[in-house]
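Along the sequence shown, residues are numbered consecutively beginning with 1. Remember, it's 1-based here, ligands and their atoms both numbered in the order they're listed.
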Amino acid sequence: MITLLDYGAGNVRSVINAIESLGESVKIVRVAEDILSAEKLVFPGVGAFGNMMQILHEKNFVEALKAYINSDRPFLGICLGLQALFKYSEEAPQLKGLGLIAGSVKRFEIDLSVPHIGWNGLNIKQDSRIFKGLNGDEKFYFVHSYHVDADDPSVILSTTNYGYEFVSSVQKGNVIATQFHPEKSGRTGLLVLDNFLKRAEKSCLPVQSPTGTILAKRIIACLDVRANDRGDLVVTKGDQYDVRENGDVRNLGKPVELARRYYEEGADEITFLNITGFRDFPLEDMPMLEVLKQTSKNVFVPLTIGGGIRDYQDKNGRRYSALEVAAEYFRSGADKISIGSDAVLIVEAYLASGRATGESSIEEISRVYGNQAVVISVDPRRVYVESPDAVAHPVIKTVIPGPEGERYCWYQCTINGGREGRDLDAITLAQVCEKLGAGEILLNCIDRDGTNMGFDIELINAVTASVSIPVIASSGAGRLEHFQEVFTETEAESALAAGIFHRREIPIEDVKNYLNDNQVEIRREIIRK
Ligand code: 1PR
(Lines give C-alpha, C1' and ligand atoms only; values in the text may rest on other atoms or scores of the structure.)
Protein backbone atom coordinates (compact mmCIF):
# COMPACT_ATOMS: atom_id res chain seq x y z
CA MET A 1 0.00 0.00 0.00
CA ILE A 2 1.38 3.39 -1.05
CA THR A 3 0.37 6.42 1.01
CA LEU A 4 -0.11 9.57 -1.09
CA LEU A 5 -0.13 13.09 0.28
CA ASP A 6 -2.78 15.01 -1.68
CA TYR A 7 -2.76 18.68 -0.70
CA GLY A 8 -4.88 19.48 -3.76
CA ALA A 9 -2.05 19.70 -6.27
CA GLY A 10 -2.85 19.57 -9.99
CA ASN A 11 -1.13 16.27 -10.76
CA VAL A 12 -2.44 13.95 -8.07
CA ARG A 13 -4.63 11.91 -10.44
CA SER A 14 -1.69 11.38 -12.80
CA VAL A 15 0.44 10.04 -9.94
CA ILE A 16 -2.35 7.76 -8.70
CA ASN A 17 -2.91 6.45 -12.25
CA ALA A 18 0.82 5.79 -12.65
CA ILE A 19 1.11 3.97 -9.30
CA GLU A 20 -2.01 1.88 -10.00
CA SER A 21 -0.73 1.07 -13.52
CA LEU A 22 2.25 -0.53 -11.73
CA GLY A 23 -0.10 -2.78 -9.77
CA GLU A 24 0.07 -0.91 -6.46
CA SER A 25 -2.87 0.46 -4.48
CA VAL A 26 -2.98 3.97 -3.09
CA LYS A 27 -4.21 5.35 0.22
CA ILE A 28 -4.83 9.11 0.27
CA VAL A 29 -3.73 10.95 3.42
CA ARG A 30 -6.76 12.32 5.24
CA VAL A 31 -5.26 13.15 8.63
CA ALA A 32 -1.73 13.63 9.97
CA GLU A 33 -1.91 10.17 11.52
CA ASP A 34 -2.03 8.65 8.04
CA ILE A 35 1.41 10.14 7.37
CA LEU A 36 2.89 8.83 10.60
CA SER A 37 1.60 5.29 9.96
CA ALA A 38 2.68 5.17 6.30
CA GLU A 39 5.08 2.47 5.02
CA LYS A 40 5.96 4.39 1.83
CA LEU A 41 4.96 8.01 1.27
CA VAL A 42 4.66 9.78 -2.09
CA PHE A 43 4.30 13.58 -2.06
CA PRO A 44 3.41 14.98 -5.51
CA GLY A 45 3.11 18.70 -5.98
CA VAL A 46 2.83 21.10 -8.88
CA GLY A 47 1.97 24.72 -8.80
CA ALA A 48 2.73 27.43 -6.28
CA PHE A 49 5.04 26.96 -3.23
CA GLY A 50 3.13 29.44 -1.06
CA ASN A 51 -0.24 27.83 -1.73
CA MET A 52 1.21 24.39 -0.90
CA MET A 53 2.83 25.36 2.43
CA GLN A 54 -0.32 27.21 3.47
CA ILE A 55 -2.48 24.11 2.88
CA LEU A 56 0.04 21.82 4.65
CA HIS A 57 -0.21 24.08 7.73
CA GLU A 58 -4.02 24.33 7.51
CA LYS A 59 -4.25 20.51 7.38
CA ASN A 60 -1.68 20.07 10.21
CA PHE A 61 0.54 17.93 8.02
CA VAL A 62 3.81 19.80 8.63
CA GLU A 63 4.98 18.19 11.89
CA ALA A 64 3.83 14.72 10.78
CA LEU A 65 5.75 15.11 7.50
CA LYS A 66 8.91 16.16 9.35
CA ALA A 67 8.58 13.20 11.74
CA TYR A 68 8.01 10.76 8.87
CA ILE A 69 10.94 12.00 6.80
CA ASN A 70 13.26 12.10 9.81
CA SER A 71 12.34 8.44 10.47
CA ASP A 72 14.08 7.63 7.16
CA ARG A 73 11.19 5.53 5.82
CA PRO A 74 10.78 5.45 2.01
CA PHE A 75 9.71 8.89 0.74
CA LEU A 76 9.34 10.13 -2.85
CA GLY A 77 8.80 13.87 -3.38
CA ILE A 78 7.88 15.12 -6.87
CA CYS A 79 8.36 18.74 -8.07
CA LEU A 80 6.93 20.86 -5.21
CA GLY A 81 7.28 17.71 -3.09
CA LEU A 82 11.05 18.22 -3.56
CA GLN A 83 11.00 22.01 -3.05
CA ALA A 84 9.00 21.63 0.20
CA LEU A 85 12.00 19.82 1.80
CA PHE A 86 14.12 23.02 1.65
CA LYS A 87 14.23 26.04 3.98
CA TYR A 88 12.33 28.60 1.88
CA SER A 89 11.45 29.57 -1.65
CA GLU A 90 11.85 32.85 -3.51
CA GLU A 91 8.33 32.15 -4.81
CA ALA A 92 6.90 32.78 -1.29
CA PRO A 93 9.73 34.07 0.94
CA GLN A 94 7.26 34.85 3.73
CA LEU A 95 6.51 31.13 4.18
CA LYS A 96 9.11 28.67 5.55
CA GLY A 97 9.60 25.27 3.88
CA LEU A 98 10.03 22.04 5.92
CA GLY A 99 13.75 22.83 6.25
CA LEU A 100 14.75 19.15 6.22
CA ILE A 101 17.46 19.74 3.59
CA ALA A 102 19.79 22.75 3.84
CA GLY A 103 19.30 25.19 1.01
CA SER A 104 16.56 27.15 -0.71
CA VAL A 105 14.42 27.35 -3.84
CA LYS A 106 15.38 29.90 -6.49
CA ARG A 107 13.71 31.23 -9.67
CA PHE A 108 15.54 30.50 -12.92
CA GLU A 109 17.64 33.57 -13.83
CA ILE A 110 18.41 32.86 -17.51
CA ASP A 111 17.71 34.29 -20.96
CA LEU A 112 15.78 31.17 -21.95
CA SER A 113 12.04 30.66 -21.71
CA VAL A 114 10.78 30.28 -18.14
CA PRO A 115 9.05 28.03 -17.06
CA HIS A 116 11.43 25.21 -18.02
CA ILE A 117 8.89 22.97 -19.76
CA GLY A 118 9.73 19.78 -21.58
CA TRP A 119 11.98 16.73 -21.70
CA ASN A 120 15.51 17.07 -20.38
CA GLY A 121 18.19 14.65 -19.18
CA LEU A 122 20.02 13.94 -15.91
CA ASN A 123 23.69 14.29 -14.95
CA ILE A 124 23.82 11.47 -12.43
CA LYS A 125 25.85 12.36 -9.30
CA GLN A 126 25.47 9.20 -7.19
CA ASP A 127 24.03 5.69 -7.38
CA SER A 128 20.44 5.06 -6.39
CA ARG A 129 17.93 2.23 -6.50
CA ILE A 130 15.61 4.35 -8.69
CA PHE A 131 18.13 4.08 -11.54
CA LYS A 132 17.80 0.31 -11.99
CA GLY A 133 17.36 -0.49 -15.69
CA LEU A 134 18.22 3.01 -16.94
CA ASN A 135 20.74 3.64 -19.73
CA GLY A 136 21.56 7.12 -18.54
CA ASP A 137 20.60 9.03 -21.71
CA GLU A 138 16.88 9.05 -20.95
CA LYS A 139 14.90 12.29 -20.78
CA PHE A 140 12.31 13.17 -18.14
CA TYR A 141 9.47 15.67 -18.13
CA PHE A 142 10.07 18.96 -16.31
CA VAL A 143 7.56 21.80 -15.79
CA HIS A 144 8.76 24.44 -13.33
CA SER A 145 9.98 28.05 -12.94
CA TYR A 146 11.91 27.47 -9.69
CA HIS A 147 14.63 24.97 -8.77
CA VAL A 148 16.30 23.89 -5.52
CA ASP A 149 19.78 24.99 -4.47
CA ALA A 150 21.33 22.47 -2.01
CA ASP A 151 24.05 23.66 0.37
CA ASP A 152 25.38 20.12 0.95
CA PRO A 153 26.50 18.51 -2.37
CA SER A 154 26.30 15.02 -0.82
CA VAL A 155 22.49 15.06 -1.09
CA ILE A 156 22.57 15.83 -4.85
CA LEU A 157 21.40 12.81 -6.84
CA SER A 158 21.32 14.49 -10.27
CA THR A 159 21.65 17.83 -11.98
CA THR A 160 20.23 19.04 -15.28
CA ASN A 161 21.32 21.80 -17.66
CA TYR A 162 18.97 24.63 -18.60
CA GLY A 163 20.94 27.83 -19.08
CA TYR A 164 23.00 26.63 -16.15
CA GLU A 165 23.29 23.37 -14.14
CA PHE A 166 20.57 23.03 -11.50
CA VAL A 167 19.75 20.29 -8.99
CA SER A 168 17.10 18.00 -10.51
CA SER A 169 16.91 15.37 -7.75
CA VAL A 170 18.19 14.69 -4.23
CA GLN A 171 18.68 11.57 -2.10
CA LYS A 172 19.28 11.28 1.65
CA GLY A 173 18.97 7.72 2.91
CA ASN A 174 15.49 6.51 1.94
CA VAL A 175 14.34 10.01 1.11
CA ILE A 176 14.36 10.66 -2.65
CA ALA A 177 12.86 13.69 -4.39
CA THR A 178 12.80 14.75 -8.04
CA GLN A 179 12.13 18.06 -9.80
CA PHE A 180 11.01 16.11 -12.86
CA HIS A 181 7.71 14.20 -13.04
CA PRO A 182 8.21 10.40 -13.24
CA GLU A 183 4.39 10.04 -13.58
CA LYS A 184 4.53 12.03 -16.81
CA SER A 185 7.80 10.77 -18.27
CA GLY A 186 6.43 7.89 -20.32
CA ARG A 187 7.71 4.36 -19.76
CA THR A 188 11.06 5.66 -18.50
CA GLY A 189 9.24 7.55 -15.76
CA LEU A 190 7.18 4.49 -14.85
CA LEU A 191 10.39 2.48 -14.49
CA VAL A 192 11.81 5.03 -11.99
CA LEU A 193 8.53 5.02 -10.08
CA ASP A 194 8.45 1.21 -10.09
CA ASN A 195 12.02 1.09 -8.74
CA PHE A 196 10.92 3.30 -5.84
CA LEU A 197 7.66 1.46 -5.18
CA LYS A 198 9.08 -2.06 -5.45
CA ARG A 199 12.14 -1.08 -3.40
CA ALA A 200 14.58 -2.17 -6.05
CA GLU A 201 17.12 -3.75 -3.71
CA LYS A 202 20.42 -2.72 -5.22
CA SER A 203 21.50 0.90 -5.53
CA CYS A 204 23.11 1.33 -8.93
CA LEU A 205 24.35 3.75 -11.56
CA PRO A 206 22.90 3.82 -15.10
CA VAL A 207 25.02 2.19 -17.83
CA GLN A 208 26.14 5.54 -19.24
CA SER A 209 26.47 8.88 -17.45
CA PRO A 210 26.51 11.61 -20.07
CA THR A 211 27.75 15.00 -18.90
CA GLY A 212 25.58 17.90 -19.94
CA THR A 213 21.91 17.62 -20.84
CA ILE A 214 19.80 19.34 -23.52
CA LEU A 215 16.11 20.25 -23.47
CA ALA A 216 14.43 18.40 -26.33
CA LYS A 217 12.09 19.97 -28.83
CA ARG A 218 8.57 18.64 -28.23
CA ILE A 219 6.24 17.01 -30.75
CA ILE A 220 2.64 17.49 -29.60
CA ALA A 221 -0.37 15.62 -31.00
CA CYS A 222 -3.57 17.70 -30.94
CA LEU A 223 -7.08 16.25 -30.91
CA ASP A 224 -9.79 18.75 -31.82
CA VAL A 225 -12.87 17.19 -30.25
CA ARG A 226 -16.57 17.92 -30.59
CA ALA A 227 -19.91 16.09 -30.74
CA ASN A 228 -21.04 15.21 -34.26
CA ASP A 229 -24.64 15.66 -35.36
CA ARG A 230 -25.54 12.32 -33.76
CA GLY A 231 -24.08 13.50 -30.45
CA ASP A 232 -21.06 11.18 -30.48
CA LEU A 233 -17.83 12.77 -29.26
CA VAL A 234 -15.38 12.49 -32.16
CA VAL A 235 -11.93 13.74 -33.09
CA THR A 236 -12.44 16.12 -35.98
CA LYS A 237 -10.17 18.38 -37.97
CA GLY A 238 -10.86 21.66 -39.66
CA ASP A 239 -9.55 23.17 -42.85
CA GLN A 240 -8.94 26.67 -41.67
CA TYR A 241 -11.27 25.79 -38.79
CA ASP A 242 -14.10 24.49 -41.01
CA VAL A 243 -14.68 20.97 -39.70
CA ARG A 244 -17.55 20.03 -42.05
CA GLU A 245 -17.29 17.86 -45.15
CA ASN A 246 -20.40 17.36 -47.26
CA GLY A 247 -22.27 19.01 -44.40
CA ASP A 248 -21.08 16.43 -41.86
CA VAL A 249 -18.58 16.96 -39.04
CA ARG A 250 -15.38 15.19 -40.13
CA ASN A 251 -14.96 12.12 -37.95
CA LEU A 252 -11.31 11.09 -37.62
CA GLY A 253 -11.68 8.69 -34.70
CA LYS A 254 -12.32 8.19 -31.01
CA PRO A 255 -10.47 10.58 -28.65
CA VAL A 256 -9.30 8.04 -26.04
CA GLU A 257 -8.06 5.53 -28.63
CA LEU A 258 -6.25 8.13 -30.73
CA ALA A 259 -4.60 9.65 -27.65
CA ARG A 260 -3.36 6.20 -26.64
CA ARG A 261 -2.01 5.58 -30.14
CA TYR A 262 -0.07 8.85 -30.17
CA TYR A 263 1.36 8.04 -26.73
CA GLU A 264 2.52 4.66 -28.03
CA GLU A 265 3.99 6.36 -31.11
CA GLY A 266 6.11 8.65 -28.90
CA ALA A 267 4.17 11.92 -28.70
CA ASP A 268 5.79 14.17 -26.07
CA GLU A 269 2.46 15.71 -25.09
CA ILE A 270 -1.18 15.31 -26.03
CA THR A 271 -3.67 18.17 -26.28
CA PHE A 272 -7.45 17.92 -26.35
CA LEU A 273 -9.32 20.99 -27.64
CA ASN A 274 -13.06 20.93 -27.06
CA ILE A 275 -13.74 23.13 -30.05
CA THR A 276 -17.39 23.84 -29.20
CA GLY A 277 -16.56 24.48 -25.53
CA PHE A 278 -17.36 28.17 -26.07
CA ARG A 279 -20.97 27.09 -26.70
CA ASP A 280 -21.64 24.65 -23.91
CA PHE A 281 -20.53 24.41 -20.32
CA PRO A 282 -17.56 22.15 -19.57
CA LEU A 283 -18.83 20.92 -16.20
CA GLU A 284 -22.00 19.66 -17.87
CA ASP A 285 -19.84 18.16 -20.59
CA MET A 286 -19.26 14.88 -18.80
CA PRO A 287 -18.18 13.04 -21.99
CA MET A 288 -15.14 15.36 -22.27
CA LEU A 289 -14.25 14.84 -18.61
CA GLU A 290 -14.63 11.10 -19.13
CA VAL A 291 -12.27 11.24 -22.13
CA LEU A 292 -9.69 12.84 -19.86
CA LYS A 293 -10.20 10.32 -17.04
CA GLN A 294 -9.96 7.35 -19.41
CA THR A 295 -6.94 8.75 -21.25
CA SER A 296 -4.96 9.63 -18.12
CA LYS A 297 -5.26 5.99 -16.98
CA ASN A 298 -3.02 4.78 -19.80
CA VAL A 299 -1.20 7.82 -21.13
CA PHE A 300 1.80 8.93 -19.07
CA VAL A 301 2.88 12.04 -20.91
CA PRO A 302 1.45 15.51 -20.18
CA LEU A 303 -2.18 16.12 -21.09
CA THR A 304 -3.51 19.59 -21.91
CA ILE A 305 -7.21 20.32 -22.23
CA GLY A 306 -8.88 23.41 -23.59
CA GLY A 307 -12.27 24.67 -24.68
CA GLY A 308 -14.84 26.71 -22.81
CA ILE A 309 -12.72 27.54 -19.76
CA ARG A 310 -14.27 30.74 -18.37
CA ASP A 311 -16.54 32.03 -15.60
CA TYR A 312 -20.01 30.71 -16.32
CA GLN A 313 -23.64 30.95 -15.13
CA ASP A 314 -25.71 27.82 -15.70
CA LYS A 315 -29.38 27.81 -16.62
CA ASN A 316 -30.35 27.74 -12.90
CA GLY A 317 -28.40 30.96 -12.38
CA ARG A 318 -25.63 29.15 -10.46
CA ARG A 319 -22.32 30.93 -11.04
CA TYR A 320 -19.17 28.85 -11.63
CA SER A 321 -15.68 30.33 -11.75
CA ALA A 322 -13.15 29.36 -14.40
CA LEU A 323 -11.02 28.16 -11.46
CA GLU A 324 -13.72 25.59 -10.56
CA VAL A 325 -13.81 24.40 -14.18
CA ALA A 326 -10.01 24.10 -14.27
CA ALA A 327 -9.96 22.29 -10.92
CA GLU A 328 -12.35 19.67 -12.31
CA TYR A 329 -10.10 19.20 -15.34
CA PHE A 330 -6.98 18.81 -13.13
CA ARG A 331 -8.82 16.33 -10.89
CA SER A 332 -9.73 14.40 -14.06
CA GLY A 333 -6.10 14.01 -15.13
CA ALA A 334 -5.14 17.20 -16.96
CA ASP A 335 -1.66 18.63 -16.36
CA LYS A 336 -2.31 21.92 -18.14
CA ILE A 337 -5.43 23.76 -19.22
CA SER A 338 -5.71 26.01 -22.26
CA ILE A 339 -7.75 29.19 -22.45
CA GLY A 340 -8.84 30.53 -25.87
CA SER A 341 -11.71 33.01 -26.31
CA ASP A 342 -11.76 34.11 -22.66
CA ALA A 343 -8.10 35.21 -22.91
CA VAL A 344 -9.00 37.60 -25.74
CA LEU A 345 -11.81 39.15 -23.64
CA ILE A 346 -9.53 39.42 -20.58
CA VAL A 347 -6.81 41.23 -22.56
CA GLU A 348 -9.33 43.58 -24.16
CA ALA A 349 -10.60 44.47 -20.65
CA TYR A 350 -7.03 44.89 -19.40
CA LEU A 351 -6.12 47.23 -22.29
CA ALA A 352 -9.34 49.20 -21.78
CA SER A 353 -8.79 49.69 -18.01
CA GLY A 354 -4.99 49.65 -18.04
CA ARG A 355 -4.90 47.42 -14.98
CA ALA A 356 -5.21 43.76 -13.96
CA THR A 357 -8.23 42.82 -11.82
CA GLY A 358 -6.57 39.80 -10.20
CA GLU A 359 -9.82 37.95 -10.82
CA SER A 360 -9.39 36.85 -14.42
CA SER A 361 -9.27 33.12 -15.19
CA ILE A 362 -5.58 33.44 -16.15
CA GLU A 363 -4.64 35.12 -12.85
CA GLU A 364 -6.77 32.88 -10.61
CA ILE A 365 -5.73 29.54 -12.15
CA SER A 366 -2.01 30.44 -12.34
CA ARG A 367 -2.10 31.65 -8.71
CA VAL A 368 -3.36 28.26 -7.46
CA TYR A 369 -1.86 25.81 -9.95
CA GLY A 370 1.21 27.79 -11.06
CA ASN A 371 1.74 29.63 -14.31
CA GLN A 372 3.16 26.50 -15.99
CA ALA A 373 -0.36 25.01 -15.84
CA VAL A 374 -1.94 27.81 -17.89
CA VAL A 375 -1.66 27.71 -21.69
CA ILE A 376 -3.16 30.41 -23.94
CA SER A 377 -4.56 29.05 -27.21
CA VAL A 378 -4.37 31.82 -29.81
CA ASP A 379 -6.54 31.66 -32.98
CA PRO A 380 -5.26 34.46 -35.24
CA ARG A 381 -5.67 35.15 -38.95
CA ARG A 382 -3.61 37.37 -41.22
CA VAL A 383 -5.02 40.77 -42.22
CA TYR A 384 -3.09 42.33 -45.08
CA VAL A 385 -2.50 46.11 -45.09
CA GLU A 386 -0.94 48.56 -47.56
CA SER A 387 1.62 49.98 -45.13
CA PRO A 388 3.03 49.49 -41.60
CA ASP A 389 1.08 52.46 -40.21
CA ALA A 390 -2.25 51.47 -41.75
CA VAL A 391 -3.46 50.06 -38.40
CA ALA A 392 -2.73 50.64 -34.69
CA HIS A 393 -1.53 47.04 -34.31
CA PRO A 394 2.00 45.64 -34.67
CA VAL A 395 2.46 45.02 -38.40
CA ILE A 396 5.07 42.76 -39.96
CA LYS A 397 6.71 42.97 -43.38
CA THR A 398 5.87 39.65 -45.02
CA VAL A 399 7.50 37.62 -47.79
CA ILE A 400 4.09 36.12 -48.57
CA PRO A 401 2.24 38.81 -50.55
CA GLY A 402 -1.45 39.51 -49.96
CA PRO A 403 -4.28 39.06 -52.49
CA GLU A 404 -3.48 42.55 -53.94
CA GLY A 405 0.26 42.05 -53.57
CA GLU A 406 0.32 43.70 -50.12
CA ARG A 407 3.67 43.32 -48.33
CA TYR A 408 2.43 44.03 -44.81
CA CYS A 409 0.03 42.25 -42.47
CA TRP A 410 -1.05 42.02 -38.83
CA TYR A 411 -2.48 39.00 -36.99
CA GLN A 412 -6.06 39.51 -35.85
CA CYS A 413 -7.26 37.54 -32.83
CA THR A 414 -10.56 35.67 -33.07
CA ILE A 415 -12.93 34.10 -30.54
CA ASN A 416 -15.50 31.30 -30.59
CA GLY A 417 -13.53 28.99 -32.82
CA GLY A 418 -12.41 31.62 -35.32
CA ARG A 419 -15.98 32.78 -35.87
CA GLU A 420 -15.51 36.36 -34.61
CA GLY A 421 -12.56 38.65 -35.40
CA ARG A 422 -11.55 41.16 -32.68
CA ASP A 423 -9.72 44.48 -32.66
CA LEU A 424 -6.73 42.86 -30.97
CA ASP A 425 -3.51 41.35 -32.34
CA ALA A 426 -1.81 38.07 -31.42
CA ILE A 427 1.46 39.70 -30.27
CA THR A 428 -0.24 42.03 -27.77
CA LEU A 429 -2.46 39.16 -26.61
CA ALA A 430 0.56 36.94 -25.86
CA GLN A 431 2.46 39.73 -24.06
CA VAL A 432 -0.46 40.67 -21.77
CA CYS A 433 -1.30 37.02 -21.03
CA GLU A 434 2.32 36.43 -19.94
CA LYS A 435 2.05 39.47 -17.66
CA LEU A 436 -1.17 38.08 -16.15
CA GLY A 437 0.49 34.74 -15.32
CA ALA A 438 0.19 32.44 -18.35
CA GLY A 439 3.04 29.92 -18.70
CA GLU A 440 2.88 28.92 -22.37
CA ILE A 441 1.42 30.10 -25.70
CA LEU A 442 -0.26 27.64 -28.09
CA LEU A 443 0.09 29.63 -31.30
CA ASN A 444 -2.39 28.34 -33.88
CA CYS A 445 -2.92 29.99 -37.28
CA ILE A 446 -6.32 29.90 -39.02
CA ASP A 447 -4.76 30.58 -42.44
CA ARG A 448 -2.51 27.48 -42.14
CA ASP A 449 -4.83 25.16 -40.18
CA GLY A 450 -5.29 21.87 -42.05
CA THR A 451 -3.53 23.16 -45.20
CA ASN A 452 -0.32 21.05 -45.01
CA MET A 453 1.48 24.20 -46.26
CA GLY A 454 3.80 24.39 -43.26
CA PHE A 455 3.82 26.56 -40.13
CA ASP A 456 3.51 30.38 -40.38
CA ILE A 457 7.17 31.09 -39.58
CA GLU A 458 6.67 34.89 -39.63
CA LEU A 459 3.87 34.70 -37.05
CA ILE A 460 5.91 32.39 -34.79
CA ASN A 461 8.99 34.65 -34.95
CA ALA A 462 6.89 37.74 -34.22
CA VAL A 463 5.35 36.17 -31.10
CA THR A 464 8.45 34.35 -29.74
CA ALA A 465 10.34 37.67 -29.99
CA SER A 466 7.74 39.37 -27.76
CA VAL A 467 7.38 36.88 -24.86
CA SER A 468 9.76 34.97 -22.54
CA ILE A 469 7.43 32.00 -21.97
CA PRO A 470 7.55 28.90 -24.21
CA VAL A 471 5.66 29.00 -27.53
CA ILE A 472 4.07 25.98 -29.24
CA ALA A 473 4.03 26.31 -33.05
CA SER A 474 0.74 25.00 -34.43
CA SER A 475 -1.20 24.72 -37.73
CA GLY A 476 -0.15 23.68 -41.20
CA ALA A 477 2.27 20.77 -40.69
CA GLY A 478 2.29 18.69 -43.87
CA ARG A 479 5.81 17.39 -44.44
CA LEU A 480 8.81 16.29 -42.31
CA GLU A 481 10.70 19.36 -43.52
CA HIS A 482 8.09 21.63 -41.93
CA PHE A 483 9.19 20.43 -38.46
CA GLN A 484 12.85 20.93 -39.32
CA GLU A 485 12.03 24.40 -40.61
CA VAL A 486 10.09 25.50 -37.52
CA PHE A 487 12.85 24.31 -35.15
CA THR A 488 15.69 25.86 -37.16
CA GLU A 489 14.05 29.11 -38.30
CA THR A 490 12.18 29.99 -35.07
CA GLU A 491 12.64 29.82 -31.26
CA ALA A 492 9.53 27.64 -30.86
CA GLU A 493 10.06 25.02 -28.14
CA SER A 494 7.42 22.66 -29.54
CA ALA A 495 5.53 21.86 -32.73
CA LEU A 496 1.94 20.69 -32.68
CA ALA A 497 0.16 18.85 -35.47
CA ALA A 498 -3.18 17.16 -35.96
CA GLY A 499 -4.35 16.35 -39.48
CA ILE A 500 -1.20 14.52 -40.68
CA PHE A 501 -1.33 12.25 -37.61
CA HIS A 502 -5.10 11.60 -37.76
CA ARG A 503 -4.90 10.84 -41.50
CA ARG A 504 -1.82 8.61 -40.87
CA GLU A 505 0.11 10.63 -43.48
CA ILE A 506 3.24 10.86 -41.26
CA PRO A 507 3.71 8.81 -38.06
CA ILE A 508 5.16 10.67 -35.07
CA GLU A 509 8.14 8.30 -35.06
CA ASP A 510 9.10 9.41 -38.59
CA VAL A 511 9.01 13.06 -37.50
CA LYS A 512 11.36 12.21 -34.62
CA ASN A 513 13.73 10.13 -36.74
CA TYR A 514 13.89 12.90 -39.34
CA LEU A 515 14.63 15.56 -36.71
CA ASN A 516 17.21 13.34 -35.02
CA ASP A 517 18.92 12.75 -38.37
CA ASN A 518 19.01 16.53 -38.80
CA GLN A 519 20.59 17.27 -35.40
CA VAL A 520 17.45 18.57 -33.69
CA GLU A 521 17.38 17.38 -30.06
CA ILE A 522 14.36 15.16 -29.51
CA ARG A 523 13.20 12.64 -26.93
CA ARG A 524 13.46 9.01 -27.84
CA GLU A 525 11.56 6.52 -25.74
CA ILE A 526 13.36 3.22 -25.43
CA ILE A 527 10.35 0.87 -25.55
CA ARG A 528 10.87 -1.70 -22.73
CA LYS A 529 8.96 -4.88 -23.31
O1 1PR B 1 -12.09 29.49 -27.14
O2 1PR B 1 -11.43 28.70 -24.87
O3 1PR B 1 -13.50 27.80 -25.92
O4 1PR B 1 -11.24 27.19 -26.74
C5 1PR B 1 -11.61 26.57 -27.94
C6 1PR B 1 -10.38 25.91 -28.47
O7 1PR B 1 -10.70 25.12 -29.60
C8 1PR B 1 -9.34 26.93 -28.92
O9 1PR B 1 -8.12 26.50 -28.40
C10 1PR B 1 -9.32 26.84 -30.43
O11 1PR B 1 -7.96 26.86 -30.89
C12 1PR B 1 -9.91 25.48 -30.71
N13 1PR B 1 -10.82 25.53 -31.87
C14 1PR B 1 -12.00 26.14 -31.89
N15 1PR B 1 -12.58 25.93 -33.10
C16 1PR B 1 -11.73 25.19 -33.82
C17 1PR B 1 -11.94 24.69 -35.20
O18 1PR B 1 -11.06 24.05 -35.78
N19 1PR B 1 -13.11 24.99 -35.72
N20 1PR B 1 -9.50 24.20 -33.41
C21 1PR B 1 -10.60 24.93 -33.05
C22 1PR B 1 -8.35 24.80 -33.50
C23 1PR B 1 -6.19 24.45 -34.14
C24 1PR B 1 -5.31 23.46 -33.69
C25 1PR B 1 -5.06 22.45 -34.76
C26 1PR B 1 -3.83 22.93 -35.44
C27 1PR B 1 -3.10 21.85 -36.14
N28 1PR B 1 -7.49 23.96 -34.23
O29 1PR B 1 -5.68 22.96 -32.58
O30 1PR B 1 -4.93 21.25 -34.16
O31 1PR B 1 -4.20 23.97 -36.30
O32 1PR B 1 -3.83 21.41 -37.20
P33 1PR B 1 -3.09 20.79 -38.49
O34 1PR B 1 -1.83 20.14 -38.04
O35 1PR B 1 -4.05 19.80 -39.05
O36 1PR B 1 -2.84 21.96 -39.41
P37 1PR B 1 -12.14 28.38 -26.12
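- For ligand 1, the polar-atom distance check against Arg419 finds no nitrogen or oxygen pair separated by under 3.5 Å.
- The residue from Gly308, Gly277, Gly340 that puts a heavy atom closest to atom 3 (O) of ligand 1 is Gly308.
- Of the protein's non-hydrogen atoms, the one nearest atom 32 (O) of ligand 1 is Lys237 CE, 3.1 Å.
- Residue Leu496 has at least one heavy-atom neighbour below 4.0 Å for each of these atoms of ligand 1: 26 (C), 27 (C), 30 (O).
- Taking 4.0 Å as the cut-off between side-chain N and carboxylate O, Glu363 and Lys435 do not count as a salt-bridged pair.
- Looking at Asp449 next to ligand 1, an N or O pair under 3.5 Å apart turns up.
- A salt bridge links Glu440 and Arg218; the closest N-O separation between the charged side-chain nitrogens and carboxylate oxygens is under 4.0 Å.
- Considering backbone and side-chain atoms together, Ser341 places an N or O closer than 3.5 Å to an N or O of ligand 1.
- Here the OG1 atom belonging to Thr178 is positioned 9.0 Å from the CZ atom belonging to Phe140, to the nearest 0.5 angstrom.
- Not a single heavy atom of Gly306 sits under 4.0 Å from any atom of ligand 1.
- Salt bridge annotation for Arg250-Asp224: absent, with no cationic side-chain nitrogen under 4.0 angstrom from a carboxylate oxygen.
- With salt bridges taken as basic N to acidic carboxylate O contacts below 4.0 Å, one links Arg244 and Asp229.
- Using a 4.0 Å cut-off between a side-chain N of Lys or Arg and a carboxylate O of Asp or Glu, Asp137 and Arg524 do not qualify as a salt bridge.
- For the pair Glu406 and Arg382, the salt-bridge criterion is not met [side-chain N within less than 4.0 Å of a carboxylate O].
- The structure places OG1 of Thr295 at 12.5 Å from OH of Tyr263, a figure rounded to the nearest 0.5 Å.
- In terms of polar-atom proximity, Asn416 is not counted as a contact of ligand 1, lacking any N or O under 3.5 Å from an N or O of the ligand.
- In this comparison of Ser474, Ala498, Gly476, the heavy atom closest to atom 26 (C) of ligand 1 sits on Ser474.
- Which parts of ligand 1 touch Cys222 is read off a 4.0 Å heavy-atom cut-off, strictly below it: atoms 29 (O), 30 (O).
- Ligand-side atoms of ligand 1 in range of Ala497: 34 (O), range being under 4.0 angstrom from any heavy atom.
- Here the heavy atom of the protein found nearest to atom 18 (O) of ligand 1 is Tyr241 CA, 3.5 Å.
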Going through the checks in order, is the ring-ring contact (aromatic ring centres under 6.0 Å, His included) test met by Tyr146 and Phe49? CA-CA 9 Å; Tyr146 294 79; Phe49 185 95; 8.7 Å; no

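- The shortest heavy-atom distance from Gly450 to ligand 1 is under 4.0 Å.
- At under 3.5 Å, a nitrogen or oxygen of Gly499, whether backbone or side chain, sits near a nitrogen or oxygen of ligand 1.
- Using 4.0 Å as the threshold, Asp224 has a heavy atom nearer than that to some atom of ligand 1.
- For atom 15 (N) of ligand 1, the nearest non-hydrogen atom of the protein is Gly417 CA, 3.2 Å.
- Using a 4.0 Å cut-off between charged nitrogen and carboxylate oxygen, Arg261 and Glu257 do not count as a salt-bridge pair.
- Of all the heavy atoms of Asn444, the ones lying under 4.0 Å from any atom of ligand 1 belong exclusively to the side chain.
- Between Glu328 and Arg331 a salt bridge is recorded (basic side-chain N to carboxylate O distance below 4.0 Å).
- Ligand 1 has a nitrogen or oxygen under 3.5 angstrom from a nitrogen or oxygen of Asp379.
- For ligand 1, the polar-atom distance check finds no N/O of Thr451 at less than 3.5 Å from any of the ligand's N/O atoms.
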